[in-house]
Protein chains: 2
Amino acid sequence: MAAKEHEVLENYITQHNLKITKQRRAVLEAFLASEEHVSAEDLYKIVSVKEPKIGLATVYRTLSLLTESGLAAELDFGDGQKRYEHNYEHDHHDHMICTQCGKIIEFHNPLIEKLQEDVAREHGFEITTHKLDMFGICKDCR
Amino acid sequence: MAAKEHEVLENYITQHNLKITKQRRAVLEAFLASEEHVSAEDLYKIVSVKEPKIGLATVYRTLSLLTESGLAAELDFGDGQKRYEHNYEHDHHDHMICTQCGKIIEFHNPLIEKLQEDVAREHGFEITTHKLDMFGICKDCR
DNA sequence: CTACCTGCAAATTATTTGCCTTAAC
DNA sequence: GTTAAGGCAAATAATTTGCAGGTAG
């Protein structure tokens, strides 16, 4: 599957007359190996080990590339920092965020999604994407 | 109702050994008179008319106060700017955001909320707040 | 009079950009 | 060889903070 994801990025890159570089490969590598919900700073630290000369700006630029190519999705939990999660052949899911320990539980509920579509239709609204975040206390922190 | 909201703020202020100032009153006034979803900058511009000496920092500080006292709620539509909406004796609602014209449609769907509670319970998670934002195209822009 | 509050400017934080050098293709 | 990419430092943008003087209680 990692192979597939490399392909996705390389296809995107060649289709847009861009170039495959060792920095881009390193960021992709680190992103694929990372847990969900990494920040640019997180990735920068990880990549810096193998690629000490890399600049934070390059990480940001590569993350845009990953997002545009469909490999990554941006998250914003309202703490002033963007996170990124795997988005390739991953089903859509939403998040429960524990405000105590920071743990993030993912879930997917088709019925909720269906109701969203219903509400949207009632308003003549066509949903492109949506985001459902529930903040609270997880079972380990209660 | 505006009277009630003034009381809420004044109670909060006196209970916390804070002071009622004309700046705070002016920001509250502007906030109450404002449309939903104002940014700090929006309010600053409005308040500046009546109170030309006010500083942007004061608006930010007062908005925190309004949020803490329960009159305002922070919103974040991911465009790098916080918005504020009325939160006092207003029912919870979610948002549909038109990515074309920027219009925001509010809605409330008890069944969706119930399902959220159900999902949370399955995970031993206790919801404090939640946020459901649907991005897409509104009926006027289709 | 004693905090707290204000305005202002400077600091912070996350992210973006400009620019010149370097490396893909 | 072109042309895009990278590194670095400077620029943004929204928000926060420090401080010295002002004001509410």
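Chain identifiers are assigned alphabetically (A, B, ...) following the order of the sequence lines, protein sequences preceding nucleic acid strands; residue numbering begins at 1 within each chain. For the numbers below, each heavy atom of this structure counts, side chains included, while hydrogens, waters and symmetry mates do not.
- In the region residues 59-76 of chain A, proximity to DNA chain D at under 4.0 angstrom, judged on heavy atoms, holds for A/Arg61.
- Looking at residues two or more places apart in sequence or on another chain, you find no ring pair (Phe, Tyr, Trp, His ring centres under 6.0 Å) involving B/Phe125.
- Overall bending of the helix from C/dC1-D/dG25 to C/dC25-D/dG1, expressed as the angle between end axes built from five pairs apiece, is 30° (10° steps).
- Taking atom CZ of A/Arg83 as the reference point, atom P of C/dT13 lies 15 Å away to the nearest angstrom.
- For the salt bridge (charged side-chain N to carboxylate O under 4.0 Å, His left out) test, residues two or more places apart in sequence or in another chain that qualify with A/Lys114 are A/Asp118.
- For the pair A/His86 (side chain) and A/Phe31 (backbone), a donor-acceptor distance under 3.5 Å is present.
- With hydrogens and angles left out, the side-chain atoms of A/Thr58 and A/Gln23 include no donor and acceptor closer than 3.5 Å.
- To the nearest 0.5 Å, the span separating OG on A/Ser69 from CD1 on A/Ile13 amounts to 8.0 Å.
- For the salt bridge (charged side-chain N to carboxylate O under 4.0 Å, His left out) test, residues two or more places apart in sequence or in another chain that qualify with A/Arg83 are A/Asp79.
- Residue B/Leu56 is the one, among A/Gly80 and B/Leu56, whose nearest nucleotide of DNA chain C lies closer to the 5' end (criterion: closest heavy atom).
- Listed by chain and number, the residues in a salt bridge (charged side-chain N to carboxylate O under 4.0 Å, His left out) with A/Glu126 are B/Arg142 (sequence neighbours excluded).
- Between the CG atom of A/Asp91 and the CD atom of A/Glu106 there is a distance of 11.0 Å, given to the nearest 0.5 Å.
- By the salt bridge (charged side-chain N to carboxylate O under 4.0 Å, His left out) test, B/Lys19 pairs with no residue at all, sequence neighbours left out.
- Applying the ring-ring contact (aromatic ring centres under 6.0 Å, His included) test to residues at least two apart or on different chains, the pairs with a partner in residues 95-116 of chain B are B/His37-B/His95, B/Phe77-B/His95, B/His93-B/His95.
- Residues from residues 17-27 of chain A that place a heavy atom under 4.0 Å from any atom of DNA chain C, listed by number: A/Lys19, A/Ile20.
- Of all nucleotides in DNA chain D, those with any atom nearer than 4.0 Å to a heavy atom of chain B start and finish, going 5' to 3', at D/dA14 to D/dG25.
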N/O donor to acceptor pairs below 3.5 angstrom from side-chain atoms of residues 45-54 of chain A, sequence neighbours left out:
unit_1, atom_1, unit_2, atom_2, d
A/Ser48, OG, A/Tyr44, O, 2.6

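- Put simply, CG on A/Asp79 is 14 Å from P on C/dT13, counting in whole angstrom units.
- One can place NZ of B/Lys53 at 13 Å from P of C/dA9, the figure rounded to the nearest angstrom.
- For B/Arg61, there are no side-chain hydrogen bond (donor to acceptor under 3.5 Å, both in side chains) partners at least two apart in sequence or on another chain.
- The CG atom of A/Leu63 lies 8.5 Å from the CD atom of A/Glu74; values are rounded to the nearest 0.5 Å.
- Residue B/Lys82 is the one, among B/Lys82 and B/Ile13, whose nearest nucleotide of DNA chain D lies closer to the 5' end (criterion: closest heavy atom).
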